[in-house]
Amino acid sequence: MSTEFWNLPAINECTSIIYKVGMTGPPATSRGNHFMATRPFFSAGVWTEGRGMPLESRNPATGDVIEVLSSASAEDLDEAVRAARQAVAAPSWADLAPHLRARMLHKMGELIDRDRERLAHVQMVDNGKTLAECRALLESAANTFRYYAAACETMEGTVPPSRGAYLNIAVDVPVGVVGAITPWNSPATLEAQKLAPILAAGNAVILKPSEVTPLIGLEYASLAREAGFPGGIVSVLTGGIELGRAMVSHPGIDMISFTGGTAGGRHIAAEAARQLKPVVLELGGKSPHIVCADADLEKAANAVAMGIFSGAGQSCVAGSRIFIEKRIASAFTATLVGIARSLRLGSPADPGTHLGPLVSFAHRDTVHAHVSRAVAAGANLLTGGALPTDEKLAAGAYYPPTLLNGLSNRSDIAQQEVFGPVGVILTFENDEDLIAQANDSAFGLAAGLWTRDIERAWKIATRLQTGTLWLNSYKNLSISTPFQGHKQSGLGREKGLDGLRQYLQSKAIFWPA
């Protein structure tokens, strides 16, 4: 199989560096808590033991406990919010010139670059992604902070035409305190994509990383302090779903930015609506990856495989509905099955590994249940679909590349987000049939289209209901380009200057002549 779409460079470093991720901050402050946790969270500028039930972080490749972490209670959240509100109003932050905020953001990028190898290992053992992918994600995270360092210096107000004897100025001001809630699939990039624009806009942020993968968020807290952000401007609280709910409903948090499942997004939107609290919601997807008969079929096959199997399919833009023009469906399916069978499951530290473990054993069981239900409903299992029997994989949450066909686009496996290395193969007769099927989904996050016919590409691309479309490529992403889901895939935008504007609000100033 061509590695063009996999980007798996050689790895020569020792792969057994981490047994326990070291705490990068000072010792925890005693709070009289009877729970003993080995690692505190970062709140109001200090490392803090929480009052909640401690959490375990497990390596999904081995099942071993990496760390035991402190967990924030409602009281801990109150303290973080009070500190954030004081910090965001203090002259040391509120009156800070944009180019000085930019200096801190740029420093964050430099610090991530400095620590990239260590941070890549932290994410690998916490999340299960291959080391090569973790390195690439940390490079992207550093670039995200640098991009928003530049952006916060270039944002401009406007002077609308006056309709009276006054000067009319429209300026953007920070929202205030933003609660950011992130998922477990790509914490290094997704947390950077929250923190950087929120801070560039002049807000304070309280980040709650997923309780499944909390370690990178804590590392970012330490780097933010080193970069010079004032105490209270960046807090990272570890905790479970109850902490997330408390953040959404907390009256001292002015805005919520959430990346995660659509069901969770609906609950957040409902609670935020009761408070008239703005939200940014980047939610689920069930993206169609379309191959027309006139495409470069070799490149398309490798891209389709990458689109669903890279990152073990744990991506909101995974191309999990594979639409193949009927007259090439049999041959293309055989090629795709061959690629899937050639992919290697293994330790994420091994340079020959294509797919590491899923993020947890519970999630692996969920993915397997989706496949089992599809087979029971009449799907043909073309490859994969069984828990690995290799002794080297037995201790980890591994799941093989899996392809199914024989069901319609209306089947559960084609409509529900599996979030694993599972693709369902569908066929289409013509463009009208394709567009009808591809748009027949609650989601509208991304799509891929392979064809050499420019006119056909334009016709299909303009009619697909999706926020991002890749033509003769897949998963090309840029921090400078807005990212938005349509339909049930989200509200608001991330990335680009539009992603920064989400965390600002307009103020009009009238100055009489």
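All residue numbers in this chain count up from 1 along the given sequence.
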Rounded to the nearest 0.5 Å, what separation is found between the [atom1] atom of [X] and the [atom2] atom of [Y]?
{"X": "Ser489", "Y": "Phe483", "atom1": "OG", "atom2": "CZ", "answer": "8.5 Å"}
{"X": "Arg225", "Y": "Ile233", "atom1": "CZ", "atom2": "CD1", "answer": "15.5 Å"}
{"X": "Gln484", "Y": "Thr468", "atom1": "CD", "atom2": "OG1", "answer": "9.0 Å"}

Which residue pairs pass the ring-ring contact (aromatic ring centres under 6.0 Å, His included) test when at least one of the two sits in residues 175-206, sequence neighbours left out? Trp184-His363, Trp184-Phe419

Using salt bridge (charged side-chain N to carboxylate O under 4.0 Å, His left out) as the criterion, list what pairs up with [X], not counting sequence neighbours.
{"X": "Arg146", "value": "Asp113"}
{"X": "Glu226", "value": "Arg114"}
{"X": "Arg373", "value": "none"}
{"X": "Asp412", "value": "none"}

Polar side-chain atom of Ser310 near backbone of Gly307 as donor-acceptor pair, under 3.5 Å: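 It does not hold such a pair.
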
Atom of [X], atom of [Y] and distance for their closest heavy-atom approach:
{"X": "Ile206", "Y": "Ile253", "answer": "CD1-CD1, 4.5 Å"}
{"X": "Ala414", "Y": "Ser408", "answer": "CB-O, 3.7 Å"}
{"X": "Lys277", "Y": "Ser249", "answer": "NZ-C, 4.2 Å"}
{"X": "Val317", "Y": "Ala446", "answer": "CG1-CB, 3.9 Å"}
{"X": "Phe42", "Y": "Leu237", "answer": "O-CD2, 4.0 Å"}
{"X": "Pro357", "Y": "Pro60", "answer": "CB-O, 3.6 Å"}

With sequence neighbours left out, what residues match Phe443 under ring-ring contact (aromatic ring centres under 6.0 Å, His included)? none

Heavy-atom side-chain proximity of [X] to [Y] below 4.5 angstrom:
{"X": "Leu215", "Y": "Arg39", "answer": "yes"}
{"X": "Leu55", "Y": "Pro214", "answer": "no"}
{"X": "Phe258", "Y": "Val248", "answer": "no"}
{"X": "Glu271", "Y": "Ile256", "answer": "no"}
{"X": "Leu491", "Y": "Val280", "answer": "no"}
{"X": "Val205", "Y": "Lys194", "answer": "no"}
{"X": "Asn185", "Y": "Leu190", "answer": "yes"}

Using atom types as modelled, flag every donor-acceptor pair under 3.5 Å from a side chain in residues 87-107 to any protein atom, sequence neighbours excluded.
unit_1 : atom_1 : unit_2 : atom_2 : d
Trp93  : NE1    : Gly202 : O      : 2.8
Arg101 : NE     : Ala200 : O      : 3.2
Arg101 : NH2    : Ala200 : O      : 3.0

Could you name each residue pair satisfying salt bridge (charged side-chain N to carboxylate O under 4.0 Å, His left out) that touches residues 306-322, not counting sequence neighbours?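 Output for this query is empty, none listed.
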
Is Asp172 salt-bridged to Arg501, cutoff N-O under 4.0 Å? no

Are Arg82 and Glu75 ion-paired here, with the side-chain N under 4.0 Å from a carboxylate O? no

Quick one about [Y] and [X] (side-chain donor to acceptor, distance below 3.5 Å, no hydrogens or angles considered), yes or no?
{"X": "Ser57", "Y": "Asp126", "result": "yes"}
{"X": "Lys487", "Y": "Ser441", "result": "no"}
{"X": "Asp76", "Y": "Ser73", "result": "yes"}

Just jot down the side-chain hydrogen bond (donor to acceptor under 3.5 Å, both in side chains) partners of [X], sequence neighbours excluded, or say none.
{"X": "Tyr503", "answer": "Ser257"}
{"X": "Thr182", "answer": "Glu191"}
{"X": "Arg85", "answer": "Asp254"}
{"X": "Glu211", "answer": "Lys208"}

Checking side chain to side chain contact (heavy atoms under 4.5 Å, CB included) between Asn127 and each of Val359, Val122, Ile216, which is the one that passes? Val359

Of the options Glu417, Arg266, Lys286, which is the one that meets Gln488 in a side-chain hydrogen bond (donor to acceptor under 3.5 Å, both in side chains)? Arg266

